[in-house]
> 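Here it is: the structure, laid out below.
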Amino acid sequence: MGTSVAPVDCMGSLSTDIFYDILRRLDGPTLASAACTCAAFSSISREEKLWEDVCSSLWPSTNREDVKYLISSIGGFRKFYADCFPLIVNKEVSEYQMNEFREYPEEWTETEYYGDMDEVESISPSDFISIVDIRYKEKTICSKVLWDIPNANSFNGWFYNCPFRIDLLTYAARDDDDYGEVIISVSDGLPPITSLERERKDGKLWQELRDGLQLSWIVVNKKMKQAANFASWSALGGQRHWPTDRDFVIRFGSILPAKDILPRQVVECILSTKFRVVQTEGEGIQTTLKLTEVSMQLEDMEGSHVNGRNSLLILKEALSCRRSKNYSEVLESCHLYSKVQDQLKEDKMRNESRLDRLCILCGITAFITFWYCVL
């Protein structure tokens with residue numbers, strides 16, 4: 001005799017525990033979508049534990065007790081996910097026109113260019129916390145937290161006037177000892193290479209590393225209780241065999257607003273990772289890469305490094321700028337910036353070439369005039 005299953009008249013007849021068990025198995029985007037389907041899911045999805053699990057899965061560094069306390073103090077895991085899962089998008093980079101930008105120093109005072117000290121003094125480098133996770137082929141290879149901007153409060157204001165840069169790895173991790181080393185090998189999914197000469201020809205290791213690497217760099221301002229992800233998740237570019245044959249540089253980042261802070265109104269946040277080939281394939285030896293550098297720096301459209309003073313203002317503004325879950329929109333923003341930057345460089349080279357020709361012409365004219373007067 002066949003068995004029949006009684007139909008469920010309504011969602012309310014199911015236990016809340018069953019709903020919770022269903023929702024805790026979902027990833028962040030699916031959980032957010034499920035919360036919009038019915039009142040029961042909407043109510044249960046407000047549980048912080050669900051979002052804590054989602055954040056822990058996506059960003060393993062948030063599983064630390066000190067980071068959990070930090071996230072709770074700025075609004076909880078649900079807010080943290082909503083702030084940091086979408087990526088920064090800046091579409092204010094319009095088609096480059098020379099007269100659209102104010103130049104320094106003709107139109108920019110020193111205070112405008114270097115930042116209002118009263119406003120800068122209200123922003124402390126110790127307010128900014130970096131939460132960084134690096135994955136290779138969905139496996140976490142590095143999780144680290146920096147509780148302030150290193151060396152920012154020393155050297156009698158040296159930080160404020162020098163190029164801004166955050167080095168994630170400690171000096172101990174960049175030494176030859178094993179403390180703090182981050183290693184990936186063939187067992188992690190790297191393709192084996194027998195020699196660097198062959199790698200230079202086919203580039204298989206480089207391509208696998210670039211396509212498989214993901215970076216998340218979340219910046220939290222504990223005073224403002226705001227957070228944002230400054231990374232692009234997937235790589236935007238990089239360099240093979242630089243500065244040595246054994247090094248690979250993979251670049252991530254985002255385009256940040258700098259309105260009323262810098263003449264060009266936008267800057268590029270460059271997040272760089274550098275890997276070094278420490279072993280190639282051999283008898284009983286696997287191809288192995290070592291992570292030697294993870295850094296953040298800001299560059300304006302002309303390629304100049306932004307100083308510490310202006311960087312603090314830019315980081316503060318970026319925490320409240322527009323974001324998007326659409327990754328293609330994020331890439332479009334980065335490509336638009338690169339296009340405008342290339343056009344700026346071409347215009348600059350063209351103007352310099354015209355100036356050079358003018359100087360040569362003036363020199364020839366002066367030379368002919370001199371000998372005409374002499375003779």
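Computed from a prediction, not measured in an experiment: that's the story for all the values here.
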> Given side chains that start at C-beta, do those of F128 and L312 come closer than 4.5 Å, heavy atoms only?
yes

> Quick check: does any side chain N or O of R135 sit under 3.5 Å from a backbone N or O of L58, one acting as donor and the other as acceptor?
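Yes, because the side chain of R135 sits within donor-acceptor range (under 3.5 Å) of the backbone of L58.
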
> Can you establish whether the number of heavy atoms outside R200 located under 6.0 Å from its atom CZ is more than 12?
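Counting other residues, nucleotides and ligands, CZ of R200 exceeds 12 neighbours.
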
> Tell me every residue that passes ring pair (Phe, Tyr, Trp, His ring centres under 6.0 Å) with F85, counting only those two or more places apart in sequence or in another chain.
Y81

> Are E208 and K137 ion-paired here, with the side-chain N under 4.0 Å from a carboxylate O?
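Yes, E208 and K137 are salt-bridged.
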
> Return yes if a side-chain donor-acceptor contact under 3.5 Å exists between D133 and S216, otherwise no.
no

> I183 and L289: side chain to side chain contact (heavy atoms under 4.5 Å, CB included), yes or no, with the steps?
CA-CA 6 Å; I183 300 292; L289 298 181; over 6 Å; no

> Look up atom CG in L87 and atom OG in S232, then write down how far apart they are to the nearest 0.5 Å.
7.5 Å

> Looking at C55, is its backbone amide N or carbonyl O close enough to the side chain of T62 to form a donor-acceptor pair, meaning the two atoms are under 3.5 Å apart?
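Answer holds: yes.
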
> Let me see the working for F248 and T292 under side chain to side chain contact (heavy atoms under 4.5 Å, CB included), right down to the final yes or no.
CA-CA 10 Å; F248 299 94; T292 59; over 6 Å; no

> Could you tell me whether the side chain of K274 reaches within less than 4.5 Å of the side chain of V294, counting heavy atoms only?
no

> Sub-3.5 Å donor-acceptor pair from the side chain of S254 to the main-chain atoms of I88, do we have one?
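No, S254 side chain to I88 backbone: no donor-acceptor pair under 3.5 Å.
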
> Could you go through the side chain to side chain contact (heavy atoms under 4.5 Å, CB included) check for W147 and V220 one step at a time?
CA-CA 9 Å; W147 290 96; V220 179; over 6 Å; no

> Go through K68 and E48 one step at a time and tell me if the salt bridge (Lys or Arg N to Asp or Glu O under 4.0 Å) criterion holds.
CA-CA 11 Å; K68 288 181 180 180; E48 274 292 288; over 6 Å; no

> Run the salt bridge (Lys or Arg N to Asp or Glu O under 4.0 Å) test against K79 and tell me which residues pass, sequence neighbours left out.
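Result, salt bridge (Lys or Arg N to Asp or Glu O under 4.0 Å) vs K79: D83.
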
> Look at the side chain of S311 and the backbone N and O of N307, then say whether any donor-acceptor pair between them is shorter than 3.5 Å.
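Judged by distance alone, yes, a pair lies under 3.5 Å.
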
> Whether the side chain of D167 engages the backbone of L169 through a donor-acceptor N/O pair (distance < 3.5 Å, no angle test) should be reported.
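Here the side-chain-to-backbone pair does not exist.
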
> Would you please name every residue forming a salt bridge (Lys or Arg N to Asp or Glu O under 4.0 Å) with K204, sequence neighbours left out?
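So K204 forms no salt bridge (Lys or Arg N to Asp or Glu O under 4.0 Å) with any residue.
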
> Heavy atoms, side chains only, cut-off 4.5 Å: are L50 and V54 in contact?
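They are not in side-chain contact.
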
> One pair to check against salt bridge (Lys or Arg N to Asp or Glu O under 4.0 Å): K290 and E181. What are the steps and the verdict?
CA-CA 7 Å; K290 175 183 176 182; E181 281 190 345; 3.1 Å; yes

> Between I134 and L213, does the side chain to side chain contact (heavy atoms under 4.5 Å, CB included) criterion hold? Intermediate values first, please.
CA-CA 7 Å; I134 304 175; L213 203 65; 3.9 Å; yes

> Does the pair R276/D247 count as a salt bridge with the N-to-O cut at 4.0 Å?
yes

> Between S126 and K222, which heavy-atom pair has the shortest distance, and what is it?
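Shortest heavy-atom contact: O-CE, 3.3 Å.
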
> Any idea which heavy atoms bring Q297 and F164 closest together, and the distance?
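In terms of heavy atoms, the two residues are closest at CB-O, 3.5 Å.
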
> Heavy-atom distance under 4.5 Å between the side chains of E299 and V267, does that happen here?
no

> Are L205 and V277 packed together at the side-chain level, in the sense that at least one heavy-atom pair is separated by less than 4.5 angstrom?
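Result yes, sub-4.5 Å side-chain heavy-atom pair found.
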
> C269 pairs by side chain to side chain contact (heavy atoms under 4.5 Å, CB included) with which of F252, F230, W217?
F230

> Can you check whether F80 and W59 have ring centres sitting under 6.0 Å from each other?
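Under 6.0 Å, so yes.
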
